[in-house]
Amino acid sequence: MTMTMSALSRAMIATLLLLHSDGVDGRVSHGAPFRRGTPARPALTDREGKRLHLPGSANCTTHWYDQVTDHFSYAPPPAGYSPTFRERYFVCHNGVNPATAKAIWFYCGNEANVELYVNATGLMWENGASQNAVMVFAEHRYYGESLIAGPAGADPVSTPALRYLTMEQALADYATLLRALPGLLGTPQGLPAIAFGGSYGGMLAAWLRMKYPGSIAGAIAGSAPILAFPGMSPPYDTNTYWQVVTRDATPEAGAANGCDSNVRTAFATLWRLGGTPSGRATLQSSMRVCKTTPIATDADVQRLAFMMLNAWDTMAMGNFPFRSDYLVFQQTGNSDVTLPPFPVRVACDFMTNFTSSTEEPTVGDDAALLAALQRAAGVLYNVTETEVCLTLPDDPNYDGIWDYQYCSELLPQETYFTLDGKKDMFWARPMNMSAIATHCLERFGFAPREDWIATEFAAADGINQASNIVFSSGLYDPWSSGGVGVAAAVASGKNQASIGLDGSVTAVVLPHGAHHLDLMFSTPQDPPDVTAARQVELASVAKWTKEWRVQHGLEE
């Protein structure tokens with residue numbers, strides 16, 4: 001699931017390392033999906049294009065907390081597993097004295113090195129001091145450096161190695177750490193804690209409030225698609241994800257007219273030519289695929305198609321109004337490699353302004369159209385504009401340990417979602433739960449429990465029983481398709497709606513927002529609706545903090 005970025009994006013970019021010169025092997029080992037090292041501060045610029053200097057992990061201190069490996073069994077883990085592991089967390093005082101702090105702001109780390117979120121979550125950095133809050137960023141088990149060793153010799157992407165990787169275990173980690181934090185930080189006992197998170201982290205923040213309401217006073221859940229599961233009422237239509245990606249390629253989202261129809265035609269052309277040897281040769285040359293990865297089989301054609309799909313997916317999530325390395329730094333390690341502002345619009349310019357190989361330019365010109373599709377994807381894969389050919393990825397569909405989380409709990413992974421080629425701009429490929437179950441059984445030894453999340457959190461009814469959560473959804477972000485209260489917030493005419501029994505659950509939409517843009521550092525390029533969403537979030541946090549402090553006798 002993207003969720004920080006799409007799992008397909010992570011696998012694809014890690015494998016491709018953007019583009020590389022023909023004959024140079026740029027592939028990396030699948031099964032090592034996350035780059036070690038320190039994620040850079042986000043690459044943001046002012047209106048003149050000058051780099052903004054922002055705070056990040058260098059301004060924090062690193063700490064470790066001994067967590068229980070299995071929170072839900074009194075028996076020790078089987079042989080080969082330690083009963084505890086070290087969870088990493090960062091403490092960022094940001095000018096706040098813990099002894100006189102009024103709150104703890106707690107980021108629920110998602111599926112990556114937690115430093116990525118330390119360095120990107122500007123909403124906390126820019127406003128924590130004014131609300132006298134100490135900031136803590138906790139790392140998710142099995143990611144970054146918060147590792148749990150499995151039995152010796154076990155495949156690191158296997159059930160024996162990953163048996164304690166569940167969101168329930170992660171939530172219990174966070175609740176346990178939150179209980180210990182006042183003593184660890186030197187803050188007054190009983191302080192209210194506010195959870196923050198984006199994408200999967202936003203889901204965790206919301207679920208933390210729903211499952212452990214005594215641990216936190218409220219939650220800011222940015223781009224948190226907690227309705228994107230089977231068993232929901234109303235049911236979640238997975239194709240709506242790709243419909244949002246497609247909308248980003250239309251004038252409604254600022255893209256050039258005709259882009260979506262040209263993309264649809266390009267994919268139809270790709271599949272048509274992929275059915276014959278001569279057609280595959282045309283794909284190889286027109287789309288500048290490196291000779292080291294020849295398009296020789298149907299499987300190769302599929303890899304190429306999914307590679308192109310992934311580019312539009314990632315650019316839609318990263319359709320920010322400024323240059324950003326947020327969705328690519330984990331894989332490139334280079335903060336100078338950034339997506340341009342509104343990358344979907346840039347890609348659409350290639351799809352609507354291409355040169356035909358005939359005297360009369362037409363969309364039906366296969367070579368020209370495919371070359372345009374390749375250049376559009378190059379907005380992501382060739383951001384340096386120096387590479388000469390495209391290498392097909394080894395594994396276009398699945399991604400390391402996130403695939404384990406999908407197979408176990410169906411944590412959203414758009415690679416599996418339905419494409420129809422009509423309401424979206426791609427091709428027809430329905431979601432196939434039977435094939436998914438077969439894949440999961442073969443890889444991990446179990447099939448997904450399709451309705452488990454709906455059972456655990458009671459779908460929409462669980463949200464209606466919740467309190468003190470702000471769900472934000474950017475309408476440029478395809479994960480808004482699984483967001484809470486999106487339709488109601490749009491229909492309100494005010495971009496927000498109150499939900500739940502007491503009205504304290506708020507849905508906010510950002511008509512010009514991409515993936516949890518509201519949680520990032522503010523920039524001069526931010527649309528007014530993004531600024532307005534942040535104001536709603538901060539006002540909610542202040543209200544929850546005040547109510548908690550009064551209820552607990554910390555102030556009158």
Could you verify whether a donor N or O on one side chain and an acceptor N or O on the other, from [X] and [Y], lie under 3.5 Å apart?
| X | Y | answer |
| --- | --- | --- |
| Ser472 | Asp518 | yes |
| Asn262 | Thr265 | no |
| Ser481 | Tyr236 | yes |
| Asp477 | Tyr241 | no |
| Asn239 | Asp424 | yes |
| Tyr89 | Asp173 | no |
| Tyr326 | His515 | no |
| Tyr381 | Gln374 | no |
| Arg209 | Ser467 | yes |

Indicate the ring-plane relationship of Trp207 and Phe457, choosing parallel, tilted or perpendicular according to the 30° and 60° boundaries.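 Ring orientation of Trp207 relative to Phe457: parallel.
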With under 30° as parallel and over 60° as perpendicular, where do the rings of Trp427 and Phe267 fit, or are they tilted in between?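 Trp427 and Phe267: tilted rings.
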Residue among Tyr117, Trp479, Tyr143, Trp402 satisfying ring pair (Phe, Tyr, Trp, His ring centres under 6.0 Å) with Tyr200: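 So, applying the ring pair (Phe, Tyr, Trp, His ring centres under 6.0 Å) to Tyr200 and each of Tyr117, Trp479, Tyr143, Trp402, only Trp402 qualifies.
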Close aromatic pair by centroid cut-off 6.0 Å: Trp242 and Phe417: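 So the answer is no for these two rings.
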Would you confirm whether the ring centroid of Phe342 sits within less than 6.0 angstrom of the ring centroid of Phe320?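 No, the ring centres sit 6.0 Å or more apart.
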Can you tell me if NZ on Lys102 sees more than 12 non-hydrogen neighbours from other groups inside 6.0 Å?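 12 or below, so no.
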